[in-house]
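Ligands are counted one by one from 1 in listed order, and the atoms in each one are counted from 1 as well.
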Amino acid sequence: MSLKNSYMAELMDRVIKRNPAEPEFHQAVHEVLESLEPVIEKYPEFVECGVLESIVEPERVIKFRVPWVDDNGVVRVNRGFRVQFNSAIGPYKGGLRFHPSVYEGIIKFLGFEQIFKNSLTGLPIGGGKGGSDFDPKGKSDAEVMRFCQSFMTELAKHIGADTDVPAGDIGVGAREIGYLFGQYKRLRNEYTGVLTGKGLTYGGSLARTEATGYGLCYFTEEMLKDAGKSFAGAKVAISGSGNVAIYATEKATELGAKVITMSDSNGYIYDENGIDLEVVKKIKLEERKRISEYVKYHPQAVYTEGCSGVWTVKCDIALPCATQNEINEESAKALIANGCYAVSEGANMPSTPEAIAAFQNSGILFGPAKAANAGGVATSALEMSQNSMRYGWTFEKVDRKLQGIMIDIYKNTSEAAKEFGMEGNLVAGANIAGFMKVARSMQAYGVV
Ligand code: NDP
Ligand code: 2IT
């Protein structure tokens, strides 16, 4: 869809020219600019003071060589990135992704999304993202450790508890954060909350591991409640089988739903009895094996090769929790045709623009990633607070704060949509509500 406002259309053209061959970044920017068209009509000062032009340009992009030695003594060289996108409302905050598909455009799209998501949490965190094209799959712990130490040797020059606080994302979990934090501490001789998602014995927050998946369900339950529905008794299709998918499955099940699918990049499992999460945790978290192993424990379940097939399974609610653009128009139409009435995004940008249009035109409930998966980074910000106080809260306390934050995000998102005449359009609502606080801060700073 093209942008109606000529200023926005010209700005979009400039973004494409300045950032060639970065389609994911273009996609993320286009969606936000489209949502903001009514905002700049109401508040033309944002154009006059250059907020829009500044917000699409990262404050800093750091790109570096990551050399390491594999178990056979062979030198390997990967590429590392940190995009420090926007620090208007707090230190840069956002995860690190280790996946072979990572390049500058992926990190920019994620960093850009993070600005608005982090603002929506109501907590003082700016937007950033980083990562590498390193593939942790099939690597030994020692190889992962050497890679992480080399990655941090460069990254440490650019981050800090009051500057930029990375965390996990795809391919970066507790093991990687441990190696990264250990190296930072050694290099800088300081013990600060420079990373979140840390282990519980060295400054991690209780409930951070669960937070993205739990938060997704709290947000979704709120959205369902507004439409007179709930997770209770619903059949739920979940994609992915990593951190977000596992804890979304756990909470949805606790709220009375039956989760019937999970997947990885090779294929998906369908278990009509409801996913046995202990088995998934054993396969994925302990053994680091493929989801196809599940049928060895549950022969009644079916494994199908190919990950996009998961969206052809009949369900009431779909929670994409794997990766960007995993739901295209065809998958969206299959979900709608099968009677799915709510889609809520655990992954970042999992639905293509055409898929989102199909969902919105069909009138089903749609919870966009920036709002729906913000519970992870919100709890990271709670970890930062605890680290600053050198104190730790109980699981219940953090979980209660997370619930409150997700309820507020739903409320603020739906109210912003209503205020700008787009009631029920949570995509626009999330982009607008996230933008306002950042834009007002940037305006206050003048040209910086
Ligand atoms: P994990 O690495 O723990 O799990 C990722 C899962 O997604 C795996 O099952 C993986 O399968 C699958 N996957 C990854 N890439 C692809 C692909 N190209 N096609 C199909 N499946 C794929 O990551 P997370 O669970 O942390 O992250 C999942 C999503 O949630 C990402 O979009 C991330 O940005 C987002 N997110 C994460 C947050 C967090 O706190 N961790 C917070 C907010 C959003 P395989 O093993 O085969 O690669
Ligand atoms: O996409 C995300 O919000 C994350 N990967 C979590 C970021 C964080 O800093 O906790």
Counting heavy atoms only, which part of Leu110 comes closer than 4.0 Å to ligand 2: side chain, backbone, both or neither?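 For Leu110, there is no contact with ligand 2 at all, from either part.
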
Pick one of side chain, backbone, both or neither for how Gln114 approaches ligand 2, counting any non-hydrogen atom pair under 4.0 Å.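 Side chain only; the backbone of Gln114 stays clear of ligand 2.
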
Hey, is ligand 1 close enough to [X] that some N/O pair sits below 3.5 Å?
| X | result |
| --- | --- |
| Lys117 | no |
| Gly168 | no |
| Asp169 | yes |
| Asp264 | no |

Would you call Ala374 a ligand 2 contact, heavy-atom distance under 4.0 Å? no

Heavy atom of Glu113, distance to ligand 2 below 4.0 Å: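 Contact check Glu113 vs ligand 2: negative.
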
Write out the residue and atom name of the closest protein heavy atom to [atom], then the distance separating them to 0.1 Å.
| atom | result |
| --- | --- |
| atom 10 (O) of ligand 2 | Ser380 OG, 2.5 Å |
| atom 4 (C) of ligand 2 | Lys129 NZ, 3.7 Å |
| atom 2 (C) of ligand 2 | Lys117 NZ, 3.2 Å |
| atom 7 (C) of ligand 2 | Gly95 N, 3.5 Å |
| atom 6 (C) of ligand 2 | Arg208 NH2, 3.6 Å |

Just checking, [X] and [Y]: is the charged tip under 6.0 Å from the six-membered ring centre and within 45° of the axis?
| X | Y | answer |
| --- | --- | --- |
| Lys108 | Phe25 | yes |
| Lys139 | Trp68 | no |
| Lys63 | Phe81 | no |

NZ of Lys258: more than 12 outside heavy atoms within 6.0 angstrom? yes

Flag yes if more than 12 heavy atoms outside Glu104 fall under 6.0 Å of its CD atom; otherwise flag no.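 Counting other residues, nucleotides and ligands, CD of Glu104 exceeds 12 neighbours.
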
Provide the number and element of each atom of ligand 2 under 4.0 Å from a heavy atom of Lys93.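 Here the atoms of ligand 2 in question are 8 (C), 9 (O).
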
One residue to check: Gln324. Relative to ligand 1, which of side chain, backbone, both or neither has a non-hydrogen atom less than 4.0 Å away? neither

Report yes or no: do Thr121 and Asn118 form a side-chain donor-acceptor pair below 3.5 Å? no

